[in-house]
Amino acid sequence: MRRLWMVLLLALSLGSLGAVAARSAVVPGLAVRSATASVAGQLAQLERQVNQARNRGDNAWMLTSAALVLLMTGPGLALFYGGLVRKKNVLATLMQSFSLMAIITVLWALLTFSLAFGQGTAFLGGFEYLFLHGVGGAANPAYAGSIPFETYMVFQLMFAIITPALICGAFAERMKFSAMVVFMVLWSVVVYAPMAHMVWGEGGLLNAAQGGVFPTLDFAGGTVVHITSGVSALVTALYLGRRLGYPEEPMPPHNVVLSFIGACLLWVGWFGFNAGSALAASPLATSAFVATQFGAAAAAIGWAGAEWMRNGRPSLLGAVSGAVAGLVAITPASGFVGPMSALVIGLVAGIVCYLMVTKVKARLGYDDSLDAFGVHGVGGTVGALLTGVFAARAVNPIFNQQPVGLIDGHPAQVLDQMVGVAIAWALAIVGTFIILKIVDGIIGVRVPPEHEVQGLDITQHGEEAYNL
Amino acid sequence: MRRLWMVLLLALSLGSLGAVAARSAVVPGLAVRSATASVAGQLAQLERQVNQARNRGDNAWMLTSAALVLLMTGPGLALFYGGLVRKKNVLATLMQSFSLMAIITVLWALLTFSLAFGQGTAFLGGFEYLFLHGVGGAANPAYAGSIPFETYMVFQLMFAIITPALICGAFAERMKFSAMVVFMVLWSVVVYAPMAHMVWGEGGLLNAAQGGVFPTLDFAGGTVVHITSGVSALVTALYLGRRLGYPEEPMPPHNVVLSFIGACLLWVGWFGFNAGSALAASPLATSAFVATQFGAAAAAIGWAGAEWMRNGRPSLLGAVSGAVAGLVAITPASGFVGPMSALVIGLVAGIVCYLMVTKVKARLGYDDSLDAFGVHGVGGTVGALLTGVFAARAVNPIFNQQPVGLIDGHPAQVLDQMVGVAIAWALAIVGTFIILKIVDGIIGVRVPPEHEVQGLDITQHGEEAYNL
Amino acid sequence: MRRLWMVLLLALSLGSLGAVAARSAVVPGLAVRSATASVAGQLAQLERQVNQARNRGDNAWMLTSAALVLLMTGPGLALFYGGLVRKKNVLATLMQSFSLMAIITVLWALLTFSLAFGQGTAFLGGFEYLFLHGVGGAANPAYAGSIPFETYMVFQLMFAIITPALICGAFAERMKFSAMVVFMVLWSVVVYAPMAHMVWGEGGLLNAAQGGVFPTLDFAGGTVVHITSGVSALVTALYLGRRLGYPEEPMPPHNVVLSFIGACLLWVGWFGFNAGSALAASPLATSAFVATQFGAAAAAIGWAGAEWMRNGRPSLLGAVSGAVAGLVAITPASGFVGPMSALVIGLVAGIVCYLMVTKVKARLGYDDSLDAFGVHGVGGTVGALLTGVFAARAVNPIFNQQPVGLIDGHPAQVLDQMVGVAIAWALAIVGTFIILKIVDGIIGVRVPPEHEVQGLDITQHGEEAYNL
Amino acid sequence: MKKIEAIIQPSRFEAVKGALQEIGVQGMTILEVRGHGRQKGHTEVYRGSEYTVDLLPKIKLEMVVPDRLVEAAVQAILKAAKTGKIGDGKIFVSSIEEAIRIRNEERGEAAL
Amino acid sequence: MKKIEAIIQPSRFEAVKGALQEIGVQGMTILEVRGHGRQKGHTEVYRGSEYTVDLLPKIKLEMVVPDRLVEAAVQAILKAAKTGKIGDGKIFVSSIEEAIRIRNEERGEAAL
Amino acid sequence: MKKIEAIIQPSRFEAVKGALQEIGVQGMTILEVRGHGRQKGHTEVYRGSEYTVDLLPKIKLEMVVPDRLVEAAVQAILKAAKTGKIGDGKIFVSSIEEAIRIRNEERGEAAL
Ligand SMILES: Nc1ncnc2c1ncn2[C@@H]1O[C@H](COP(=O)(O)OP(=O)(O)O)[C@@H](O)[C@H]1O
Ligand SMILES: Nc1ncnc2c1ncn2[C@@H]1O[C@H](COP(=O)(O)OP(=O)(O)O)[C@@H](O)[C@H]1O
Ligand SMILES: Nc1ncnc2c1ncn2[C@@H]1O[C@H](COP(=O)(O)OP(=O)(O)O)[C@@H](O)[C@H]1O
C-alpha cells in the first residue's frame, strides 16, 4: 500500500518537472513616470502623497486594531466564558463564540453592514452596501477620512461579532446550539444593526458626531455593544430559566486558568476596541488607550478590594472580573475623558458590578450563568452615564469646542446619555423577547433535561474536551 | 548560609555605590542643522520626508505582521497540534514547533535567506546575502520599496519557520526528535528555499510580479507554504507508516481546548500572514485582510455544516478545522480576489477538506496524524487553483491592468496556476523522499515501538506535561 | 418570579421608546478652512502635515508595542510562572502578575511616572508630572519627538508593570499576598523609579543618549528591568528562605503547556519591548526586532543544546527557558548590535543561564523557585556587559558617529556598562533588603507553614483552579 | 465492619452524601471513575474518526461502617441515588478485618 | 460473588475489555491509577532538578462476578493483558458479600 | 494475603512510600482520591457564590501483602503518615483470596 503510494507520487512529480521545459519570458515593460510639473503641481502632488503617507500609519493601526478585536472574541471571550462553565459544557461554550466568528462575518458581508452603516433612516441603514457593494479601498469621509472604507467595514465587523457573543454568558450550559444560531442571526438584524446605526451610522438618531437628535456620546460601544448585549442577556436568562440544580448545587468554574487567559486577552484586545475607535493612530487614540488601561486597572482594584473587605480575601476571579467590568464601563467614555476620570469611572464600575453580581443577583434569583448582564449590562450603563459626567472638550472637542460633559459645563449631556441608554435597553428587551418567542416556537430554545445533565459537549456536538 | 549571602551582597552594593563618586559629564554638542535651501531643494527634501513618513506607517504594519506570523507558530500551531495528540506526546509536539522557531531562525540568518531571495538563477537564489550581508535599513525595491530590507527579511523568516512546522502534523507521535531536526534543516534548504525563490525571488521561474516564465499567482504562500508542507507531510506519513494501534485504537485529541486556542491564534495571526504580504499598510493590505476573514468564516461554516448534515451535529473541532482550511485556501488568493470570491473559496475549501480528511483519508488508509496533508496540501491546492479562477485586476492589477484570472477574462491563468502547483508537488515529493531516505539511513526516523507506547515526552525529552 | 421580571422589563422598554418623540436636530456648522497661502506658507504647512503623517506611523507602532508589552505580563509571564508551580498555587501565582497590572498602573498615574521621568536630579525625577499633569497628545522631544508624550508614558508603564512581576518568580509558593502588594508598591518607588530615571530619565546619571556621567547603553531595559528585578529576586529568595520540603520533595511544574504558552507570548510580546524601544517605526526598530528574534533563537539552542549534551535529551522546558534567557540578554543590546552579534549574545546567555540555574543554584542552595535571578539577574548582567562589547555605531550612532562598543573601537564602554550594572545591583540589593525588613516587620512576608502546605490558592484567595 | 462501595451517577453525589450524613455516616472516600455496563454510551466523532464511548463518568464512594449501620447506609444510598434509569449504578458490600485511625492509632469500630 | 481487581498496562486496556465482554463480563468500573513495583521508572529533569519517577500510569479494573465466572475472567485478562514484560500488573480476587443494583434494588448475583 | 488500604495526606506520601520500601513492601497502587470525614474543609467564593468544600484531596495506597507483613506495614504507614492532626487518614485491612502476576501467571504470595 505504502509502496504503491510512493511510486505514484514519484511518477507524478517527475512528470511535472518536465513541464518546466521551455517558454519564453516576457518581462512587462516598466512604466515610466514623467515628472515635469510646476511647483504648484508638485505641491498638490506632494499633498496627495502626504495624505497617503498619513493614511498608511492610520491603516496600520486600524488593521492591528481589527485583529485585536477579533482576538477578544476568539480566544479571549471564549476562554473567559469557557473556564467558568462546568467541564461537560466547555466545548459548547467555546463553540458559541467561534460559530459567531463565522456566521456574523458572512451575514455582515451580505446584509448587516449595510443595515448598520448605509444611509437609510434615523433608525436603520439602507441597502446600498448589500454584498459590500461600493465598499473598497477609498475612504468614506462620513465615517473615517484617512483609512479605506473597507478597513472601517472590517473593524466594525469585529464589534458585530463580539456583541452577540457576550450574550452567550447568560444562557450558557442550557441552550440548544441550533436555537442559538437562529437567535443570533435574528438578533444581529433586529437589535444590533439598528442600534449601531442610531449611534454611529450616517444620520443616526443618536449620532453625536453628526448632529443626531439626541447626541449620545458612545466612543467605542457602551450602548451599542455592552448595553444591548448585557440587557439581552438578562432577558434570555429570565426566559430560559435557571440551570438544573441552580443555585443549590455548586457549579464552580471548571478551570479558572482558562478564564484568566481569556480576561487578559480581552484586556489587551480592548486597546484595539477603544483606541481603534479613534479610527486613526492619532493622539486621540493614545488618549483612549490610556483611559482603557486606567479604567481596567482601577476596576480590578475596586472589585478585588470589595471582596477583600467583605470576605477577608481578594480572589483572582474577582480581580479579572473587575478588570472586565472596568473595560466595559470605560468603553463609551474612552475617547472623551482624561486619565484621572478614567480611574474614577473604573473604580465605580468595579464596585457597582461587584455588588450587582454578588449581592443583587443572589437576591433576585435569576440565573445569568456567567454574569453577562451583571458585567456588561450594568457596567455598560454605568459607563454610558458617567461618560456624560466626565466627557471633556479638552480631550475631544466633539461639539465644536463647546463644553461636552457635566463637569465640563454641559449638564444636559447626562440627559442625552439617559435617552441613549433607555433606547438601548428598550430595543434590547423588546427585540430579544420577540426573537426568543419566535425561536422557541420553531425549534425550542432549551435542551432537554437529560442532555443538560449529560452536558452540551456530548449532546450538542458529539465531542469531549479532555480525553485520556 | 542565608546570612552569609546577605552580608556578601550588601558589601558588594555598598562598594559599587561608592563608584559613582565624581566624573565630569561631557554633554555631546548638539548638531545644528542649517536650513537655507531653495524651494526646489525644499521640495526635494519634503519628498524624501514624505517617503520616510509613509515608510513609517508601512514599517509599523510590517513589524506587527511579522510578530503576528511568529504568533501563528508559537503558540498558535503548536497548541493546535498539541491539543490533538495524546497526553503522552504533547510536549514533544510543542517542541517540534518551538525548536523550529529557533533552528530555522539561525539557518535563515546564515544561509537560507540568501538561497531564497538572492539573485541566483530561476530556481535558486545566490549567495550574496549569506550572513545577511547587505541586508539593512534601506529598502530593496526588488522586493518592497517602502520598508527596510531587513523588515522584509524578518517577515519572510516567519514564513520559513511555520512552513516546516506544518509538516509535523503528519508524523506526530512517532518521529525521533534528532531525526526531525536534521530532516527540517535539509528540507529548508532543499525544498523551501528553491520554492520560495521560484515564486517570490528576483528572477524566479514562477514570479508573477516580476515576469517569471510561468507567472503563478501566490499572494501569501499557497504553493510556497501550504502545498510544499502539506505534500511533504503526506510523503512523511507514508514513509514512516502508521502509529502503533492506528486505526483500531481510539486516539481522540487529549485537549480540544488547546486546539481551539491554537486555531484562534492561527486565525488572528493569519492577518499578518496575508495582509502583511501586501508589504505595506495599503488598501491592498485591507483587501487581503478582509479576504482572510471571509475565507476563514465561510470555510468554518462549510466544514461544520457538512458535519451537521452527515452526523446530525456540528463539532467545535470541525468548525476550527474548517476555519484553518479556509485560511489555507485563501492564502494564495488573498491579495487578488474580492470579498465575495473569498466567501466562495472558503466555502469550497471547507467542504473539500472535510471530505478529504473524513472520507478519503479513511479509505486510503495512510496515517496523517493531524491532517497536515488533508488541510494544507489539499486546501493549498484548492486555493492555488481557485486563485486562477477568481483573481481580478480590480483588486490587484498585477499584469499592467490586463485581466488576471479566469473570470476576469484570462483563462490561461488557471494553467499557469497548475504549473505552479505541479512544481510545488513535485519538488515536495522528490525532495522530501530523498531527505527521508538520507536521515533514515543515518539516524533512523522512527522511535522504537516501546518508546512510542510510553510516549515521546518521556522518552525524547525526559519530561511530562501534567504533574500532580 | 420570571414572569414578574419580564413584565417589568417590557414596561420599562415601552416607556423609553416614547421618549424619542420629537426634538429638533441642530447640525453643527461645518468649519470652512480657507487656503490661500503663499508657497512658503504651503511648504511650512506641508512640513507640519508630513510630520503629522510620520507621527501616525510611529504612534501606530508604539501603541501596538505598548499592547504587546502588556501581553508579556498578562497572560505571558503569568502563565510562564503559573505552569511552573504546583497545582495548589497556580491562581496565587497568576494573581501576583495580574494584581501588578492593576496596582502599578494606578501608582504610575499618581506618582511613579513623575519620579521616573520628571526632570529632578541625576538620581530621581521631580514632581512635575504628578497625576500625569502635562502629559498629553503633544510630543516631548526630550523623550520621543514623533509620538504623543502620553504614548511614551503608557509604553513605559508597561515596563513598570512587568519589572516587579518578574520578581515574583523568586518567592512563588510562599509569600503572603498582602505583603506582596505592599512590597511591590514600595519597590516601585524605591528601586524602579530611580533606576529608570538614572538610565532613561532627563538628566539621569547613566543616560547615554543625553550625556549622563556614566553613559550606560541600555536600549530596552537590561539594567532597569532585568538586573533590578533579577537581583531583587535573589534577595527575596534568600530573605524568605526555602519552600517547605525544598529540595528533597519533588516539585515538578504542574503544567508545562501553560509555561510554553507563556514563553511564546513573552517572545512575541518582546518585539514590542525591544523594537518598541526605538520609539518609532524606524529602521532602528527593525534592527531591534531582528536582534530580538535572533537572540531568542540562539539562546534556545544554547540551553537545549547544553541539556542535550549533559542529559542526552533536550527538554521543552529547557528550550523555552533558554529563549527567555536570550530575550533578557538581548534587551539592552537590541538597538545597538547587528544580527550576527545578536546570535552570539543569545548563545552565550543561553549557556550561561543554563549553567547558573542547573549547576550553580543547586550548589549554593538558595530556593529561587522559578529562577527569576538565574534568568533575569544573570541574563540581564550578561547582556548589559556584552552590549558594551558588541555595540556598533553602524547600527546606532548614539555617540555622534564615534565608536560605541569595544569591538567598534571604544573599549571604555565596557567599564561604563560595569558601572551601570553595579549601580543596578547595589540599588536592588539595598532597596529590596530594606523594604523586606519593613514589610516583614509590619505584616510578615511569609505565609504560615500550614497554609503553605494547603496551598496559596485556597488560603490566600479562597479559590481553586481546577474543579470537577 | 463492612466496606460499602457504591458506584453512582455524578449528578446524584450531593444527594447521596447528604443522605449518608443524616444517618450518621461521616467518613468516606470519593473516587472519580469510569463505568462500563448495560448503560449504552454515545458516539463521538473527531475529524471523521468515530468512537463509541462506553466508559461513562461515575462517582465511586467507599466507606467502612460498623455492621449495624450497613443496611441503613445501603437504604440511604438507594433512596438518594435511584432515578430508575439504566446506569444508576451498584452497591457492593464486603468485609473489613481491621480499621486504624492514623492520627491516634485507634483501632476497630472506634476508628471509623 | 467475587471481586476481581486487575491492574494492567494502559495500552492493553481495550484488548482486556474486549476479552471480558466475549466471556460475558459486561459490568466493570475503571480507574486511572499509578503503580509502583518492580518495573523501574524513568528520570525526568526540570531545570536541572532530577526526579526519578517510579509511579507509572496503570489502569485498574474492578468487576464483581459470580463465582463460576471467576476463573474464566482471570484467564481472559491474562490472555489479553500479558506482554511478558515487567510491569504487566496483577490480578487480585476477594469476596463480596452482597451486591445491589441501585436502579431496581435487585440483590445478589442478579444484580451483577 | 491481606490487602491494606491506606488513605493519607498527600504531603506524607513520599515518606510513607519510603517507609514501606524499607520494610520490603515494593508493590503498591496509588490513587488520587477525595476524602470526607471529621476534618473540616474550607470555604471558596466564586463571584459571590459560596461553596463549602468538604472533599479534601487525599492519596490512597493499596497494597496486597503476605499475612506476616501486615503489622509491619501498618506500623510503617502509621509512623510516616502521622502528624497528629485531624485528617491524617485511615488504614483498612481485608482479605484477599488469590493474587496472580499477569506477566508469568504466578499465583499466591509468590505473585506479590
Ligand atoms: N459487575 C460489576 N462490577 C463492578 N462494577 C459494575 C458492575 N456492573 C456495573 N458496574 C458499575 O455500575 C455502573 C452502572 O451499571 P449499568 O449496568 O450501566 O447500569 P445498571 O446498574 O442500572 O444496570 C457501571 O457503569 C459500572 O461502573
Ligand atoms: N503487592 C501489590 N499490591 C498492589 N498492587 C501491586 C502490588 N504489586 C504490584 N502492584 C501493581 O502492579 C503493577 C505492576 O507490578 P510490577 O512489580 O511493576 O510488575 P510485575 O507484576 O510484572 O512484576 C504495579 O505498578 C502496581 O500498580
Ligand atoms: N469510614 C470511613 N470509610 C472510608 N474512608 C474514611 C472513613 N473515615 C475517614 N475516611 C477517610 O479518611 C480521611 C480522614 O478522615 P478524618 O475523619 O477527616 O480524620 P481522622 O481520621 O484524623 O479522624 C477522610 O478524608 C476520608 O478520606
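The basis for the numbers below is simple: all heavy atoms, side chains too, and nothing from hydrogens, waters or symmetry mates. Quick caveat: nothing in here was measured; it's all calculated off a predicted structure. The chains referred to below are lettered A, B, ... by the order of the sequence lines, with proteins before strands, and numbering in each begins at 1.
- Using a 4.5 Å cut-off between heavy atoms, A:L343 touches chain C through its side chain atoms alone.
- Contact count versus chain A (heavy atoms, under 4.5 Å) is highest, among C:A281, C:P75, C:G82, C:G137, for C:P75.
- With hydrogens and angles ignored, the 3.5 Å screen pairs a side-chain donor or acceptor of C:H461 with a backbone N or O of A:P314.
- With a 4.5 Å cut-off on non-hydrogen atoms, C:V90 touches chain A through its side chain but not through its backbone.
- Between the CD atom of A:Q293 and the OG1 atom of C:T105 there is a distance of 4.0 Å, given to the nearest 0.5 Å.
- Note that CH2 of A:W270 is 14.0 Å distant from CG of C:L70, once rounded to the nearest 0.5 Å.
- In this structure, chain C has heavy atoms under 4.5 Å from both the backbone and the side chain of A:A285.
- The CE atom of C:M95 sits 6.5 Å away from atom OG of A:S315, with the distance rounded to the nearest 0.5 Å.
- Residue with the most contacts toward chain C among A:V320, A:N59, A:N55, A:L317: A:V320 (heavy-atom pairs, distance under 4.5 Å).
- Put simply, the side chain of C:Q49 never gets that close to the backbone of A:N51: no donor and acceptor are under 3.5 Å apart.
- Contact annotation for C:T459: only backbone heavy atoms (N, CA, C, O) come within less than 4.5 Å of a heavy atom of chain A.
- In this structure, the separation between CG on C:L71 and SG on A:C264 is 8.5 Å, given to the nearest 0.5 Å.
- For A:A319, the parts lying near chain C are the backbone and the side chain together; criterion is any non-hydrogen pair under 4.5 Å.
- With a threshold of 4.5 angstrom between heavy atoms, C:I147 does not approach chain A through any atom at all.
- The contact between A:F271 and chain C is made entirely by side chain atoms (from C-beta outward), counting heavy-atom distances below 4.5 Å.
- Contact check for A:M340 versus C:F131: side-chain heavy atoms found under the 4.5 Å cut-off.
- Taking the six-membered ring for Trp and thresholds of 30 and 60 degrees, A:W308 and C:F177 have ring planes inclined between 30 and 60 degrees apart.
- When all heavy atoms are compared, the tightest approach of A:A323 to C:F98 is CB-CZ, 3.7 Å.
- Side-chain N/O atoms of A:T286 and C:E150 include no donor and acceptor closer than 3.5 Å.
- Proximity to chain C is absent for every atom of A:V395, based on heavy atoms less than 4.5 angstrom apart.
- Contacts with chain C were tallied for A:A60, A:A280, A:S287; A:S287 has the most, counting heavy-atom pairs under 4.5 Å.
- Contacts between A:L258 and chain C at a heavy-atom distance below 4.5 Å are absent for every atom of the residue.
- The most heavy-atom pairs under 4.5 Å with chain C, out of A:L265, A:V256, A:N311, come from A:V256.
- Interface summary for chain A: among C:L46, C:N255, C:L94, C:T151, the most heavy-atom pairs under 4.5 angstrom belong to C:L94.
- Atom CG in C:N467 sits 13.5 Å away from atom CE in A:M251 (nearest 0.5 Å).
- Rounded to the nearest 0.5 angstrom, C:L43 CG and A:L43 CG are separated by 5.5 Å.
- At a 4.5 Å heavy-atom cutoff, C:L107 makes no contact with chain A through either its backbone or its side chain.
- No donor-acceptor pair closer than 3.5 Å links the side chain of A:R56 to the backbone N or O of C:A53.
- Closest approach of A:F294 to C:M153, counting heavy atoms only: CZ-CE, 4.1 Å.
- Between chain A and the options C:L79, C:L110, C:V50, C:L63, heavy-atom pairs under 4.5 Å are most frequent for C:L63.
- By number of non-hydrogen pairs under 4.5 angstrom with chain A, the leading residue of C:I104, C:I261, C:T64 is C:T64.
- When heavy atoms are compared at a cutoff of 4.5 Å, C:A139 does not approach chain A at all.
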